[in-house]
Each structure stands twice: as C-alpha cells, then as structure tokens.
> 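Sharing a structure, written as structure tokens. Questions coming.
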Amino acid sequence: MAVRRIIIGDREIEIPQFSLRGVLLPIALILFIWFIFGGPFYTVGPEQNGVIQTFGKFTSITTSGFHVKLPWPVQTVNLVNVEKVRRLELGFRTLKGAGTSNSQYREIPREATMITGDENIVSVEVVVQYKIRDAAEFLFRVENPERIVFQIGRAHV
C-alpha cells in the first residue's frame, strides 16, 4: 500500500493512499460471484408457483416467468408444482407397471379394511387424486399434507 508523507511543523506524518482499483476489484468480484451462484434471479416454470419468504416469513406468490429477488439471507423462493395431479393409494401399493396388463400390486389389508355406516366390514382399494390449489397453504399451514389426504380419503370412502 502506498503511503503519502506530509510534514507538519517538525513532524512527518504518513497517510495511507487508497487506490480505487484496490477497493473496487474485491467488491466487483464479490458481486460477480453473487450474481452467478446465488443471485437475485430465479425462474418459475409454467406448472409452478414460486413462494417467496422474506426473513423466513411468507411474503408473496409468483407465477411463471423470470423474476428478481433479494439475496439469500433476505429472501428465499420455494417452487411448488401446482399443476401436477398427485396420487395416493389406499389399501394397496403399485409395485411396478401401473396401468399396464402386467402391473403388480401389493395389498395392504390394514388400510383396506373399513366399517360402513350400517356396521359391515368391507375391503376397499381406492386411488385419491388431488392437486395443490394454494402453494403457500400447502407449504406453511399443513404439517404433513400427504398424511392428511390419506386420513381424509379413509374417512370419506
């Protein structure tokens, strides 16, 4: 680092010289790394919603497209596929080849056995299909969404 010497009276004082290049280069390098790896840009696909959190609190939902956000400790984005039809099997599990002539299933009697309103015991195998309507509710208001859909499916069969 360069030093500038000034004489005041009978004393000599050294004043450090800061070069603009020495200060701007590290700042430019940090900004470049930030833009490349954790930058402010994110893309939401056509089947997704972007759920933005600012300091960990839900802020907003963005739809498909190219968006800008604040850097990581300030804002984070969770992408949720809201167009996908999710599938939950009750009373059985598909092992392989779902929907084909040589598909294989495994029955789960504990799930399939239910009591009807007139107190008869029946064995029911059901597929529950559902979509996520509100991405923020899905992420933050329900602890285990698949388990809740499972319980509702069992109760309403």
Side-chain angles (χ1 to χ4, degrees), residues 18-157:
F18 295 103
S19 71
L20 201 53
R21 184 178 194 193
V23 173
L24 289 181
L25 186 61
I27 292 173
L29 184 62
I30 289 170
L31 286 175
F32 177 74
I33 291 171
W34 174 65
F35 266 78
I36 296 299
F37 294 109
F41 308 110
Y42 67 98
T43 304
V44 179
E47 71 285 348
Q48 297 174 325
N49 279 354
V51 180
I52 299 177
Q53 291 177 271
T54 305
F55 295 114
K57 184 177 179 184
F58 168 69
T59 307
S60 64
I61 293 179
T62 57
T63 55
S64 63
F66 186 73
H67 301 279
V68 179
K69 68 173 182 68
L70 295 174
W72 161 66
V74 179
Q75 284 188 328
T76 56
V77 177
N78 292 314
L79 300 177
V80 178
N81 189 335
V82 294
E83 293 298 319
K84 177 182 177 186
V85 176
R86 296 165 192 265
R87 173 185 166 108
L88 182 69
E89 299 170 340
L90 294 167
F92 72 100
R93 296 294 180 271
T94 303
L95 298 177
K96 68 177 186 175
T100 63
S101 60
N102 60 351
S103 56
Q104 294 180 357
Y105 302 97
R106 179 183 59 161
E107 291 184 8
I108 302 177
R110 196 174 95 219
E111 287 181 8
T113 305
M114 298 180 191
I115 299 177
T116 64
D118 56 353
E119 298 184 7
N120 287 319
I121 297 175
V122 294
S123 179
V124 179
E125 294 176 353
V126 178
V127 174
V128 178
Q129 293 181 334
Y130 64 99
K131 280 180 156 181
I132 297 171
R133 182 178 61 194
D134 186 339
E137 296 279 328
F138 177 75
L139 288 176
F140 306 123
R141 303 272 304 207
V142 181
E143 185 175 327
N144 188 348
E146 190 168 290
R147 184 72 182 155
I148 289 177
V149 170
F150 177 84
Q151 294 296 338
I152 291 171
R154 277 203 76 189
H156 290 287
V157 170

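Throughout, residue positions are numbered sequentially from 1 according to the sequence presented. Treat the numbers as computed from the prediction; the structure is a model and nothing was measured.
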> Could you list the residues that satisfy side-chain contact (heavy atoms from CB on, under 4.5 Å) with I30, not counting sequence neighbours?
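Once residues adjacent in sequence are excluded, I30 has no partner under the side-chain contact (heavy atoms from CB on, under 4.5 Å) criterion.
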> Is any side-chain heavy atom of N144 closer than 4.5 Å to one of I148?
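The answer is no, as the side chains (C-beta and beyond) never meet within the 4.5 Å cut-off.
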> Under 6.0 Å from the CD1 atom of I115, do we count more than 12 heavy atoms belonging to anything else shown?
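Open.
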> Any pair with a residue in residues 70-86 that passes salt bridge (charged side-chain N to carboxylate O under 4.0 Å, His left out), sequence neighbours left out, goes on the list, sorted by first then second residue, please.
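Salt bridge (charged side-chain N to carboxylate O under 4.0 Å, His left out) check on residues 70-86 returns E83-K131.
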> Can you check whether V74 reaches F55 side chain to side chain, under 4.5 Å on heavy atoms?
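Yes, their side chains come closer than 4.5 Å.
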> Can you find a pair of side-chain heavy atoms, one from V128 and one from F150, that are under 4.5 Å apart?
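With C-beta onward as the side chain, the pair stays apart.
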> Taking salt bridge (charged side-chain N to carboxylate O under 4.0 Å, His left out) as the cut-off, I'd like each qualifying pair that reaches into residues 138-153, sequence neighbours left out, listed once.
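Only E137-R141 qualify under salt bridge (charged side-chain N to carboxylate O under 4.0 Å, His left out).
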> Rounded to the nearest 0.5 Å, how far apart are CD1 of I61 and CG of L139?
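So the CD1 of I61 and the CG of L139 are separated by 8.5 Å.
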> Give the table of side-chain donor-acceptor pairs shorter than 3.5 Å for residues 41-54, with sequence neighbours excluded, one pair per line with atom names and distance.
residue	atom	partner	partner atom	Å
Y42	OH	T62	OG1	3.3
Q48	OE1	G45	N	2.9
Q53	OE1	N78	ND2	3.1
Q53	NE2	G56	O	3.1
T54	OG1	T59	OG1	2.6
T54	OG1	Q75	NE2	3.1

> Can you sort out the partners of L24 under side-chain contact (heavy atoms from CB on, under 4.5 Å), two or more places apart, ordered by chain and number?
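Listed in chain order: L20.
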> Sorted by first residue and then second, give each salt bridge (charged side-chain N to carboxylate O under 4.0 Å, His left out) pair with at least one member in residues 103-128; sequence neighbours left out.
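Only R93-E111 qualify under salt bridge (charged side-chain N to carboxylate O under 4.0 Å, His left out).
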> Any side-chain heavy atom of R87 sitting closer than 4.5 Å to one from T94?
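Yes; the side chains approach each other to less than 4.5 Å.
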